[in-house]
J.: 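So that we are looking at the same thing, I have put the structure below in structure tokens.
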Amino acid sequence: MALVTVAELACAAAEGGYAVGAFNLNNMEILQAVIAAAEEERSPVILQASQGGLKYAGIDYIVAMARVAAEKASVPVALNLDHGTSFEQAMQCIRKGFSAVMIDGSRLPLEDNITLVKRVVDVAHAVGVSVEAELGKIGGTEDDIVVSEREAMMTEPEEAAEFIEAAQPDLLAVAIGTAHGVYKGKPKLDFERLMEIKARVDIPLVLHGASGVPDQAIRKACQIGISKINIDTELRVAFSGAVQRTLKASPDEIDPRKILGPAREAMKQVVREKMRLFGCSGKA
Ligand code: G3H
Ligand code: ZN
């Protein structure tokens, strides 16, 4: 199958009352873990590349890996740019073969965020690529993007409606209390705010910073109307934990396959659990 758009998967999820998982792609082991989980769970899936992922693997390897995965997979696969920083970067990803882009103008004043998103939307839609935007500011650290607790800002429901009307994105990432990276305390999600946004907005909503959010809160977010959920940190934790365990048990091991194989398996288990939690298992 060719890569499908994120909008296609998220709209089906919004209609079906579940969320599709989006997992950050940095190397072959992550790719194989995510795709194997999606096949075993019969789930649609979103692969995405962050700024760090693009720098580490290179855009051509990211696209080639995702294309091979989509062609071989029996479930729908999308490839999304995660937290795209500029119009130029979004265009480059579209030209290289991404089926979706996120353009993150959340650091900009509202008017500038609208202008940037609309500019990307006009081109992306002309070539069948979907666009995710962000309003409010999600806290925490994801690769090069660092937003302190003081800078983080919740999404205003009224503003969200105006923003979508003006910028026309296909999906909206909302700031409702989650943060990127490992949580220090227990995250507290503002479900009232999510309900108010949902009531005013008719495009699929996205939850970033979902690693470490308790299962019950994720279920509630899906019930209210989150249709795409991003996971990166929990894959990192599973990967590094497995590598550490392997090397502790066999400090003289030099075969990368014996070191990375268990890490791939550990990540696959995390993805399978998330797919069941998000309700996208069995939806392919
Ligand atoms: O864009 C990527 C995700 O929002 C990652 O969130 O750090 O909680 O896994 P996470
Ligand atoms: Zn994010």
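Just so it is clear, the structure is predicted and the values come from calculations on it, not from any experiment. Every number for a ligand or one of its atoms is a count from 1 in the order of the listing.
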J.: Of the backbone atoms (N, CA, C, O) and the side-chain heavy atoms from C-beta on, which set of Ala210 has a member under 4.0 Å from an atom of ligand 1: side chain, backbone, both, or neither?
T.: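 Backbone only.
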J.: Between Glu273 and Arg276, does any side-chain N to carboxylate O distance fall below 4.0 Å?
T.: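 Between Arg276 and Glu273 there is no salt bridge, as every charged N stays at least 4.0 Å from the carboxylate O atoms.
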J.: Pull out every atom of ligand 1 sitting under 4.0 Å from any heavy atom of His83, numbered as shown with elements.
T.: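 Those atoms are 1 (O).
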J.: Near His180, which atoms of ligand 1 are under 4.0 Å from a heavy atom of that residue?
T.: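 Answer for ligand 1: 1 (O), 3 (C), 4 (O), 5 (C), 6 (O), 7 (O).
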J.: Under 3.5 Å, is there a donor-acceptor pair between the His125 and Asp170 side chains?
T.: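 Looking only at side-chain atoms, Asp170 and His125 do form a donor-acceptor pair, the distance falling under 3.5 Å.
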J.: Can you name the one residue among Asn113, Leu116, Leu81 that meets side chain to side chain contact (heavy atoms under 4.5 Å, CB included) with Ile103?
T.: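 It is Leu116, the one option of Asn113, Leu116, Leu81 that forms the side chain to side chain contact (heavy atoms under 4.5 Å, CB included) with Ile103.
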J.: Any idea which atoms of ligand 1 are less than 4.0 Å away from a heavy-atom of Asn230?
T.: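 Those of ligand 1 that fall under 4.0 Å from Asn230 are 1 (O), 2 (C), 3 (C), 4 (O), 6 (O).
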J.: Are the charged groups of Arg193 and Glu156 less than 4.0 angstrom apart, N to O?
T.: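 Yes.
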J.: Check whether more than 12 heavy atoms from other residues, nucleotides or ligands sit under 6.0 Å from atom OH of Tyr61, and answer yes or no.
T.: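 Open.
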J.: For N/O/S atoms only: which one belongs to His208 and is nearest the Zn ion (ligand 2)?
T.: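 For His208, the N, O or S atom at the smallest distance from the Zn ion (ligand 2) is ND1.
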J.: Around atom 7 (O) of ligand 1, find the nearest protein heavy atom and jot down its residue, atom name and distance.
T.: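 For atom 7 (O) of ligand 1, the nearest protein heavy atom comes out as Thr233 OG1, 2.6 Å.
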J.: When you look for heavy atoms under 4.0 Å from ligand 1, do you find them on the side chain of Asn24, its backbone, both, or neither?
T.: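 Only the side chain of Asn24 comes within reach of ligand 1.
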J.: Between Val271 and Leu235, is any pair of side-chain heavy atoms under 4.5 Å apart?
T.: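 In contact.
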J.: Can you list the atoms of ligand 1 that are under 4.0 Å from a heavy atom of Gly181?
T.: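 By the 4.0 Å cutoff, the relevant atoms are 7 (O).
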J.: For ligand 1, find out whether one of its N or O atoms is nearer than 3.5 Å to an N or O atom of Glu234.
T.: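 No, Glu234 has no N/O under 3.5 Å of an N/O on ligand 1.
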J.: As an exercise, identify every atom of ligand 1 less than 4.0 angstrom from a heavy atom of His208.
T.: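 That gives atoms 1 (O), 4 (O) of ligand 1.
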J.: Tell me, which protein residue and heavy-atom name are nearest atom 1 (O) of ligand 1, and how many Å apart are they?
T.: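 Of the protein heavy atoms, Asp82 OD2, 2.7 Å lies nearest.
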J.: Any atoms of ligand 1 less than 4.0 Å from a non-hydrogen atom of Ile231? List them with their elements.
T.: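 Heavy-atom distances to Ile231 below 4.0 Å select 9 (O).
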J.: Looking only at non-hydrogen atoms, find the nearest pair between Met102 and Asp82 and report the distance.
T.: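 Distance-wise, the nearest heavy atoms are SD-OD1, 4.0 Å.
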J.: Answer whether the closest heavy-atom distance between the side chains of Leu189 and Leu194 falls below 4.5 Å.
T.: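 Answer no - side chains too far apart.
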J.: Going by heavy atoms in the side chains, are Ile218 and Leu207 under 4.5 Å from each other?
T.: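 The answer is yes; the side chains approach within 4.5 Å.
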J.: What N/O/S atom of His180 is the closest to the Zn ion (ligand 2)?
T.: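 For His180, the N, O or S atom at the smallest distance from the Zn ion (ligand 2) is NE2.
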